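Quick caveat: nothing in here was measured; it's all calculated off a predicted structure. Every heavy atom of this structure was used, including side-chain atoms; hydrogens, water molecules and symmetry mates were not.
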Amino acid sequence: MQASDFPSGTGPLESHAPDTPASDHSLRLVAWEVTRSCNLACIHCRAAAQNRPYPGELATEECFRFLDDIAGFARPIVILTGGEPLLRPDIFDIAAYGTRLGLRMTMAPNGTLVSPENARRMVETGIQRISISLDGATAASHDAFRGMPGAFDGAIQGIRCARESGLPFQVNTTITAQNLHELPAIQELVVSLGAVAHHIFLLVPTGRGKNLEEQVINARQYEETLHWFYEQRERVPLQLKATCAPHYYRILRQRAREEGRPVDMQTFGLDAVTRGCLAGTGFCFLSHVGTVQPCGYLELDCGNIRRRPFRDIWENSEVFQRLRDFRNYEGKCGRCEYIRVCGGCRARAYEATGNYLAEEPLCLYEPRGRTASCPSK
């Protein structure tokens, strides 16, 4: 299971000149791999998770201390992910503890273990939203993607349990060449199920996903897909968000300018005030053994909470500091006038080149240069 992205808690980008670093790096979103164990075997899995115990996972008290550390300086959204978070016996204790601290607790299960009882306990312990992935419009395509017969029926049943318990849910879809043609049908299914949001993820080939490099859509398909996604904004009753697809925030501004529309909260909601790649700037990932990373796909060890306070890692990690200063970015990204609203996928750059500050490899846009007017609003 990949870490999902929930569409709130992101504050506005400050209106800096395009060649100056941002000054606001408040922690807005934490994806926490509470366990790496999983009952599925998804072909794109970042963690290559298996249905077995993993040694060294954080104990309950360590989990509580981590939440205390977060609450000591920030109030982000916390995504309990995995693996499959519902395989962790103390998951509801963790959720309830975070809720008592005033954190917005969410969860990213695969759906197959979301029973009426588990859905009820999610509500009782303060889980405010869950995300469940649908990577195909039919059982055949979704089950092939998830590596398990019955995964589609299990996800649909989990969604029904969430809906009946009054628990808001979003649907996530990882896009590859294998399911790109199904995207309109998947979105129709998402609407029919009563989801509050649909988030699309552009595949980053890490973990088992490295075996899918031939399934990564090309730069032209990437661009066309994001334009299609933009056009769905007023056609479906869903919150729409593109994740691991930072180009979307350039496209949004380009299309808005063509249409003569201001990019503001009233017109574009939270898309107007967030940016593409949040890795290390407003978002971070915590692994099952306590390692902090810029995101789940960008496997750079920025420190471990068992040896170093989380706040110190967040504020002072050299990797985070470099990611936050856009003057460090290289290639087209470093020259681009959209650097502040896009940033390029740092994980995709790292997987392609070994350099997390390199240019995004799947981008067609040719920058006008950062001396151009910065279209951050």
Side-chain angles (χ1 to χ4, degrees), residues 1-8 31 40 42-44 77 79 81 84-85 106-114 118-119 122-123 127-146 148 150-203 215 217 221-222 224-245 248 251-252 268-271 274:
M1 171 64 70
Q2 63 200 6
S4 61
D5 185 15
F6 290 79
S8 52
L40 298 184
C42 305
I43 61 174
H44 67 301
I77 298 168
I79 308 166
T81 184
E84 169 50 56
T106 63
M107 192 182 293
N110 60 44
T112 62
L113 302 181
V114 182
N118 281 340
M122 288 179 191
V123 172
I127 295 294
Q128 297 188 29
R129 182 186 293 190
I130 64 172
S131 67
I132 293 177
S133 291
L134 290 175
D135 299 307
T138 66
S141 56
H142 179 81
D143 289 0
F145 204 93
R146 291 277 149 181
M148 187 72 66
F152 181 83
D153 291 341
I156 296 297
Q157 182 59 35
I159 285 171
R160 288 174 179 151
C161 291
R163 188 176 61 208
E164 290 168 5
S165 70
L167 178 63
F169 67 92
Q170 70 183 51
V171 172
N172 295 344
T173 301
T174 297
I175 297 173
T176 70
Q178 179 176 315
N179 66 357
L180 179 61
H181 69 284
E182 283 195 275
L183 191 53
I186 293 171
Q187 190 167 90
E188 289 179 13
L189 176 60
V190 174
V191 172
S192 71
L193 290 170
V196 296
H198 187 203
H199 290 195
I200 59 171
F201 289 69
L202 276 295
L203 178 69
Q215 289 291 336
I217 64 175
Q221 292 171 312
Y222 196 142
E224 291 172 352
T225 298
L226 294 180
H227 276 281
W228 174 86
F229 197 63
Y230 174 87
E231 291 162 2
Q232 305 311 301
R233 293 179 57 260
E234 296 178 357
R235 298 178 182 175
V236 294
L238 298 166
Q239 299 169 0
L240 299 178
K241 187 171 178 61
T243 300
C244 301
Y248 180 73
I251 289 170
L252 181 150
F268 288 98
L270 288 164
D271 280 342
T274 190

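- Using cut-offs of 30° and 60° for the angle between ring planes, the Tyr248 and Tyr230 rings count as tilted.
- Interatomic distance, Asp271 CG to Gln239 CD, rounded to the nearest 0.5 Å: 10.0 Å.
- Scanning all heavy atoms of the two residues, the minimum distance from Phe201 to Cys244 falls at CD2-SG, 4.4 Å.
- Between Ala197 and Leu238, the shortest heavy-atom distance links the atoms N-CD2, 4.1 Å.
- For the residue pair Ser141 and Gly136, the shortest heavy atom distance occurs at OG-CA, 3.3 Å.
- Of the inter-residue distances, the one linking Ile217 atom CD1 with Leu180 atom CG reads 5.5 Å to the nearest 0.5 angstrom.
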Evaluation steps, side-chain contact (heavy atoms from CB on, under 4.5 Å), between Thr174 and Phe145: CA-CA 10 Å; Thr174 297; Phe145 204 93; 4.2 Å; yes
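- Counting all heavy atoms, side chain and backbone alike, Arg146 lies closest to Ala151 at CB-CB, 3.9 Å.
- Counting heavy atoms from C-beta on, the side chains of Leu240 and Phe229 come closer than 4.5 Å.
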Derivation and outcome, side-chain contact (heavy atoms from CB on, under 4.5 Å), residues Gln157 and Arg160: CA-CA 5 Å; Gln157 182 59 35; Arg160 288 174 179 151; 4.2 Å; yes
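- Note that OG of Ser133 and NE2 of His142 are 7.5 Å apart. Values are rounded to the nearest 0.5 Å.
- Each of Val236, Val190, Leu189, Val191 was checked for a side-chain contact (heavy atoms from CB on, under 4.5 Å) with His198, and the lone residue meeting it is Val190.
- Atoms CG and CD1, from Asn172 and Ile130 in turn, are 10.5 Å apart once rounded to the nearest 0.5 Å.
- Of the possible donor and acceptor atoms, none in the side chain of Arg129 sits under 3.5 Å from a partner among the backbone N and O of Gln170.
- Here the CG atom belonging to Leu226 is positioned 5.5 Å from the CD1 atom belonging to Ile200, to the nearest 0.5 angstrom.
- Val114 has its side chain within reach of Met122: a pair of non-hydrogen atoms, C-beta onward, lies under 4.5 Å apart.
- Between Phe152 and Thr138 the shortest side-chain heavy-atom distance does not fall below 4.5 Å.
- Side-chain contact of Asn110 with Thr112: a donor-acceptor pair under 3.5 Å is present, judged by distance alone.
- Here the CG-CG distance, from Leu134 to Asn179, works out to 11.0 Å after rounding to the nearest 0.5 Å.
- In this structure, Ile79 and Ala108 approach most closely via the heavy-atom pair CG2-CB, 4.1 Å.
- Of all non-hydrogen atoms in Asp143 and Gly150, the two that sit nearest each other are OD2-N, 2.9 Å.
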